[in-house]
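What follows is a short report on a single structure.
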Amino acid sequence: MTIATITRAEYCVIACAEAWRDNGEVLASPMGLIPSFGARLAKRTFSPDLLLTDGEAMLVGLDGSAEGWLPYRRHLTMVTGGRRHVMMGASQIDRFGNQNISCIGDWAQPARQLLGVRGAPVNTLNNPVSYWIPKHSTRVFVERVDMVSGVGYDRAEAAGPSATRYHRLPRVVSDLGVFDFTGPGHSMRLASVHPGVTVDQVREATGFELAIAGEVPYTREPTPEELRLIREVIDPKGLRDREVRG
């Protein structure tokens, strides 16, 4: 198998799946198509203890069939005790991981109304949260978010131990690369670029200075078995390529 046979979308699925590596028995809550494929791939391969949900009230197996009831009380217990790992989207995200899904522009009179804060503050302060950005650009990766929905490292640390106990942002995955927060002061670092992408391309598409330590590696390739699972079992209709092209 050569790199040329693997699509950008498939690298993104792998990168999202890696967010749940070594998580153990936690509830995976992927929001979006590629993250959902990633969670299912992780459970089928290197993270078999992951718990998957139908998004409403049931725990589900690999084929989507119901395996157990997930009552609201139990769900809240997992949410508030660090036993869930969410992968959310972001309309804006800054170098410290503050995320905005609420509005663009001044809060008093925004230029665009988005989803609203939703559960982002509770998610980020109570369990690990990663992010999936399907179109990496300076409009999304910004110096300062217009409104804080999900809490970043700087704000969590400023709030003190009650905010940092379960706060953790393992990774950000975009259509260009993978990022973590191991830069100075928990700032965003470029961890890998997807094959076909250069570090300069990522820099140009980012509205703040990324931490870069040494030579940036490529995102790892899927194994032949992982690629088979993606193409034949998890997404045989090829929906992944509609979300990420190239």
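Throughout, numbering of the chain's residues begins at 1 and tracks the sequence. Since we're looking at a predicted model, the values are computed, not measured.
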Side chain to side chain, Ile212 and Arg203, heavy atoms closer than 4.5 Å
yes

Interatomic distance, Ile101 atom CD1 to Leu114 atom CG [nearest 0.5 angstrom]
8.5 Å

Check the orientation of Tyr153 and His186. Use parallel for under 30°, tilted for 30 to 60°, and perpendicular for over 60°.
parallel

Under the criterion side-chain contact (heavy atoms from CB on, under 4.5 Å), I'd like the reasoning laid out for Arg245 against Lys135: C-alpha separation, chi angles, the key distance, then a yes or no.
CA-CA 10 Å; Arg245 301 182 183 277; Lys135 294 183 179 179; over 6 Å; no

Note, Lys43 side chain near Trp20 side chain (heavy atom, < 4.5 Å)
no

Using the side-chain contact (heavy atoms from CB on, under 4.5 Å) rule, take Met31 and Trp132 through it: C-alpha gap first, then chi angles, then the decisive distance, then the call.
CA-CA 8 Å; Met31 300 180 185; Trp132 160 242; over 6 Å; no

Arg84 side chain reached by Asn126 side chain, heavy atoms, under 4.5 Å:
no

For a side chain to side chain donor-acceptor pair (under 3.5 Å) check, start with the C-alpha distance between Arg144 and Asn98, then their side-chain angles and the critical distance, and finish with the verdict.
CA-CA 8 Å; Arg144 182 183 178 87; Asn98 295 293; over 6 Å; no

Classify the angle between the aromatic ring planes of Tyr11 and His194 as parallel (below 30°), tilted (30 to 60°) or perpendicular (above 60°).
parallel

I need the minimum non-hydrogen distance between Ala17 and Ala42, along with the two atoms involved.
O-CB, 3.7 Å

When you compare the side chain of Asn100 with that of Ser149, does any pair of heavy atoms fall below 4.5 Å?
yes

With no hydrogens and no angle check, is any side-chain donor or acceptor of Arg44 less than 3.5 Å from a backbone partner on Leu229?
no

Sole residue of Pro30, Ser29, Ser130 in side chain to side chain contact (heavy atoms under 4.5 Å, CB included) with His85
Ser130

For Arg8 and Pro195 the tightest heavy-atom approach is NE-O, 4.0 Å

Take Met147 and Val117 through the test side-chain contact (heavy atoms from CB on, under 4.5 Å) and record every step on the way to the result.
CA-CA 9 Å; Met147 180 177 178; Val117 173; 3.5 Å; yes

Can you list the residues that meet the salt bridge (charged side-chain N to carboxylate O under 4.0 Å, His left out) rule with Arg95, with sequence neighbours excluded?
Glu143

Is there a side-chain contact between Phe208 and Val142 in this structure, where contact means two heavy atoms from C-beta onward sitting under 4.5 Å apart?
no

Would you indicate whether the side-chain heavy atoms of Ser187 and Phe96 approach each other to under 4.5 Å?
yes

Can you tell if the side chain of Met188 reaches within under 4.5 Å of the side chain of Thr206, non-hydrogen atoms only?
no

Would you mind reporting whether Leu27 and Arg83 have side-chain heavy atoms less than 4.5 Å apart?
no

Considering residues at least two apart in sequence or located in another chain, which fulfil the salt bridge (charged side-chain N to carboxylate O under 4.0 Å, His left out) criterion with Arg189?
Asp180

Output a table of donor-acceptor pairs, distance under 3.5 Å, between side-chain atoms of residues 171-179 and any protein atom two or more places apart or on a different chain; print 'none' if there are none.
residue	atom	partner	partner atom	Å
Arg171	NH1	Ala15	O	2.8
Ser174	OG	His136	ND1	2.9
Ser174	OG	Leu176	N	3.0
Ser174	OG	Gly177	N	3.3
Asp175	OD1	His136	N	2.9

